[in-house]
Amino acid sequence: MKRIVCDFNKFTGKINPQHGAVNWPIGYVHAEGAPDSADCDRANEILREINFPFTRLKEPYNRGYVKCLEIPFVFRDFSKDESDPKNYYFYNTTNFVKDAANGKRKVMVRLGAPREYWKSRYNNKPTDYDKFARICRNVVRHINDGWANGIKAGVKYFEIWNRADDIKCWPDGSYEDYYRLYERVAREIKELHPRLKVGGPAAAFCGGDNAFLKGFLDYVAKNNVPCDFVTWNYYGEDAAEAFRQAKEVRKLVRDAKLPKKVEIFNDEWSCITLDETGFVQAKNTRNEKGAAFDAAFLMQMHKAKMDACHYYELNPGLPWGGLLGKAWKRPLKPIYAFLGFARLYALGQSVKTTTIGKNTYAMAAANGEKQALMISVTEDKRNEVEINFASSLERKIYIVDKENDFAEIMTTSEEKVTVKIKGHTVIFAQTV
């Protein structure tokens with residue numbers, strides 16, 4: 001039996017936006033009266049409630065915004081004059097950023113090149129770092145200052161390149177090459193707007209010796225390079241390992257003794273494994289196992305005190321887009337992990353929970369008499385979950401498993417209830 005004990009009177013800290021995402025679900029509309037309209041309505045309703053409070057923008061693979069945002073797509077001929085607006089192609093980028101920045105959510109724009117799975121055409125290191133930095137400066141000016149018929153989107157966060165410890169992203173460069181490129185771009189942006197936040201390095205692999213991330217932190221500390229936030233990635237199916245890596249990243253940042261406090265983001269993650277060739281295996285991304293992992297990951301990143309996380313990604317046409325069916329037609333099981341966390345986040349403060357049982361994760365939040373609890377069990381076994389709410393407020397309890405999609409299973413005012421489960425499961429309870 002799994003046991004969860006809540007103490008809704010003992011607050012443990014502010015809840016940060018761990019339910020951010022990579023890219024924004026632009027265009028999730030459907031034809032009125034279509035056969036799948038009920039599913040579409042439900043998907044839109046859930047998306048509106050989650051409202052992904054922090055989005056990280058990188059190259060979108062479709063949705064009408066192909067080949068935009070990344071530097072090789074915006075500035076297509078590196079031999080041309082970077083000071084001339086005519087040499088930039090901003091149309092898709094302008095609309096993509098404008099749509100994502102609509103509302104109160106935070107936005108991070110990545111300045112770099114796409115990860116290429118086969119032949120490298122765009123992601124080779126720049127031949128001239130100074131020129132590349134000036135191009136990045138002009139992209140920032142276009143996004144925030146209206147340069148070259150641009151917009152004033154108010155984007156605050158700019159990430160420099162992406163996963164330079166991954167040969168698919170930095171095939172012809174060393175770690176030191178990336179550090180120097182980062183420095184040049186970071187200084188250029190800070191010279192333009194000192195209050196903007198710059199960061200990186202979107203470290204791909206934090207389960208080993210962390211030589212790339214350690215080297216990056218040592219370089220920026222030793223050379224007094226601007227660094228307002230540090231980013232890292234996690235792909236896998238083990239929430240406990242993700243938590244271990246998050247703690248290690250926090251320790252590395254702390255030990256680097258940077259001149260000021262930096263934010264730490266896991267800005268790319270998903271329920272994904274890699275085969276022996278490094279290619280994505282996403283068979284569990286869209287099912288109940290993915291839902292249980294996603295819920296556990298979100299709660300573990302809160303426990304690890306990450307400032308934010310970004311799920312990869314919201315495009316349902318990709319194998320790792322695990323929240324929505326193709327063409328935005330229906331919500332998949334993992335989206336309910338984000339819905340549950342969004343409801344915890346809306347309450348503002350987490351409260352003490354005690355969890356007994358392997359592969360079991362729980363997080364609760366409260367705001368006055370409004371209370372919520374999310375539980376994830378990440379194992380394929382029948383079991384029972386005993387929940388001690390320690391109060392007799394009336395609550396609704398929902399479940400996500402192989403057979404249920406956030407189905408209400410009971411309304412109760414009992415202080416202690418038991419829920420029977422059949423395998424990978426997410427349980428969510430909230431006061432009525």
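Nothing fancy with the numbering, it's 1 onward along the sequence. If you're wondering where the values come from, they're calculated on a predicted model, not measured in any experiment.
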Please check if the side chain of Ser376 supplies one atom and the backbone of Ala292 the other of a donor-acceptor pair under 3.5 Å.
yes
Can you name the one residue among Phe216, Trp170, Phe158 that meets ring-ring contact (aromatic ring centres under 6.0 Å, His included) with Tyr182?
Phe216
Would you sort out whether Thr425 and Val419 count as a side chain to side chain contact (heavy atoms under 4.5 Å, CB included), showing the intermediate values?
CA-CA 11 Å; Thr425 302; Val419 178; over 6 Å; no
For the residue pair Phe90 and Val74, establish whether any side-chain heavy-atom pair is separated by less than 4.5 Å.
yes
Pair Tyr157 and Phe265, ring centroids less than 6.0 Å apart:
yes
Find out whether Gln18 and Leu298 are in side-chain contact, i.e. whether some heavy atom of one side chain is under 4.5 Å from a heavy atom of the other.
yes
Can you check whether His19 and Phe52 have ring centres sitting under 6.0 Å from each other?
no
Is there side-chain contact between Val109 and Lys58, with at least one heavy-atom pair below 4.5 Å?
no
Of all heavy-atom pairs linking Asp307 and Pro17, the shortest is O-CD, 3.4 Å
Side chain Tyr311, main chain Gly322, donor-acceptor under 3.5 Å:
yes
Checking Asn233 against Asp267: is there a side-chain donor and acceptor pair closer than 3.5 Å?
yes
Identify the two heavy atoms, one from Thr285 and one from Cys271, that lie closest to each other, and give their separation to 0.1 Å.
OG1-O, 2.9 Å
How far does OG of Ser270 sit from CD of Glu237, to the nearest 0.5 angstrom?
9.5 Å
Exercise: do Thr231 and Glu159 side chains pair donor with acceptor under 3.5 Å:
yes
State, with a plain yes or no, whether a side-chain heavy atom of Leu196 is found less than 4.5 Å away from one of Asn144.
yes
Could you walk me through whether Asp218 and Lys257 satisfy the salt bridge (charged side-chain N to carboxylate O under 4.0 Å, His left out) test, starting with their C-alpha distance in whole Å, then the side-chain angles of each, then the deciding distance to 0.1 Å, before giving a yes or no?
CA-CA 9 Å; Asp218 181 63; Lys257 294 182 171 57; over 6 Å; no
Does Glu369 have more than 12 heavy atoms from other residues, nucleotides or ligands lying within 6.0 Å of its CD?
no
Step by step, work out the side chain to side chain contact (heavy atoms under 4.5 Å, CB included) result for Arg286 and Trp320.
CA-CA 8 Å; Arg286 298 176 170 223; Trp320 45 85; over 6 Å; no
Among Val249, Asn210, Leu258, whose side-chain contact (heavy atoms from CB on, under 4.5 Å) with Leu217 holds?
Leu258
Would you say the side chains of Arg105 and Asn51 form a donor-acceptor pair under 3.5 Å?
yes
Is it the case that the side chain of Ser413 and the backbone of Glu394 share a donor-acceptor pair, with hydrogens and angles ignored and the cut-off at 3.5 Å?
no
Atom CD1 of Ile167: over 12 foreign heavy atoms under 6.0 Å:
no
Mind checking whether Phe205 and Phe212 have ring centres under 6.0 Å apart?
no
For the pair Glu248 and Lys251, find out whether any cationic side-chain nitrogen is under 4.0 Å from an anionic carboxylate oxygen.
no
Side-chain donor-acceptor contact under 3.5 Å, His142 with Thr94:
yes
Are any of the side-chain nitrogens in Lys333 or Glu288 under 4.0 Å away from the carboxylate oxygens of its partner?
no
Output all residues satisfying side chain to side chain donor-acceptor pair (under 3.5 Å) with Asn287, sequence neighbours left out; order by chain, then residue number.
Asn284
Please find the pair of heavy atoms, one from Gln245 and one from Gly207, that lie closest to each other, and give the distance.
NE2-CA, 3.6 Å
Check this for me, if you would: do Asp209 and Lys214 make a salt bridge, where the nitrogen-to-carboxylate-oxygen distance has to be below 4.0 angstrom?
no
Looking at Asp166 and Arg163, does any basic side-chain N land under 4.0 Å from a carboxylate oxygen?
yes
Tell me whether Thr55 contacts the main-chain N or O of Val107 through its side chain, where contact means a donor paired with an acceptor under 3.5 Å.
no
How far apart are the C-alpha atoms of Val139 and Phe75, what are their side-chain angles, what is the distance that settles it, and do they pass the side chain to side chain contact (heavy atoms under 4.5 Å, CB included) test?
CA-CA 9 Å; Val139 172; Phe75 193 82; over 6 Å; no
Can you confirm whether Ile264 sits close enough to Phe229 that some side-chain heavy atom of one is under 4.5 Å from a side-chain heavy atom of the other?
no
Please confirm whether the ring centroid of Phe73 lies under 6.0 Å from the ring centroid of Tyr89.
no
His424 side chain near Asp380 side chain, heavy-atom distance below 4.5 Å
yes
Have Arg343 and Gln430 got a donor and an acceptor in their side chains that come within less than 3.5 Å?
yes
Can you tell which of Tyr234, Trp232, Phe297 makes a ring-ring contact (aromatic ring centres under 6.0 Å, His included) with Trp269?
Phe297
Quick check: does any side chain N or O of Asn367 sit under 3.5 Å from a backbone N or O of Gln349, one acting as donor and the other as acceptor?
no
In terms of side-chain geometry, is the basic nitrogen of Asp145 or Lys152 positioned less than 4.0 Å from the acidic oxygen of its partner?
no
Side chains of Asp165 and Tyr175: donor-acceptor distance under 3.5 Å anywhere?
no
CA sep, side-chain torsions, deciding dist, call: Ile4, Thr360, side chain to side chain contact (heavy atoms under 4.5 Å, CB included):
CA-CA 9 Å; Ile4 312 295; Thr360 307; 4.0 Å; yes
For Ser350 and His302, which I'm curious about, is there any donor-acceptor pair between the side chains at under 3.5 Å?
yes
Contact check, side chains of Thr353 and Val5, non-hydrogen atoms, under 4.5 Å
no
When you measure from the side chain of Lys352 to the backbone N and O of Cys6, does any donor-acceptor pair fall under 3.5 Å?
no
What is the minimum heavy-atom distance between Lys125 and Gly173, and which atoms define it?
CD-CA, 4.1 Å
Are there over 12 heavy-atom neighbours, none belonging to Asp255, within less than 6.0 Å of that residue's CG?
yes
Does a side chain donor of either Asn404 or Asp401 reach within less than 3.5 Å of an acceptor in the other side chain?
yes
Output yes when Arg110 and Glu70 qualify as a salt bridge under the 4.0 Å nitrogen-oxygen rule, no when they do not.
yes
Would you please say whether a donor-acceptor pair under 3.5 Å links the side chains of Glu268 and Tyr235?
yes
Exceeds 12 heavy-atom contacts within 6.0 angstrom, atom NZ of Lys156:
no
Minimum heavy-atom distance Val351-Ala365, with the two atoms named
CG2-N, 4.0 Å
Under a 3.5 Å cutoff, is there a donor and acceptor pairing between the side chains of Gln300 and Tyr361?
no
Indicate the atoms forming the closest heavy-atom contact of Ala366 with Phe8, along with that distance.
CB-CD2, 4.0 Å
Are Arg48 and Glu45 ion-paired here, with the side-chain N under 4.0 Å from a carboxylate O?
no
Are the side chains of Ile421 and Ile427 in contact, using a 4.5 Å heavy-atom criterion?
yes
Step by step, work out the side-chain hydrogen bond (donor to acceptor under 3.5 Å, both in side chains) result for Tyr88 and Asn138.
CA-CA 9 Å; Tyr88 292 79; Asn138 285 336; 3.0 Å; yes
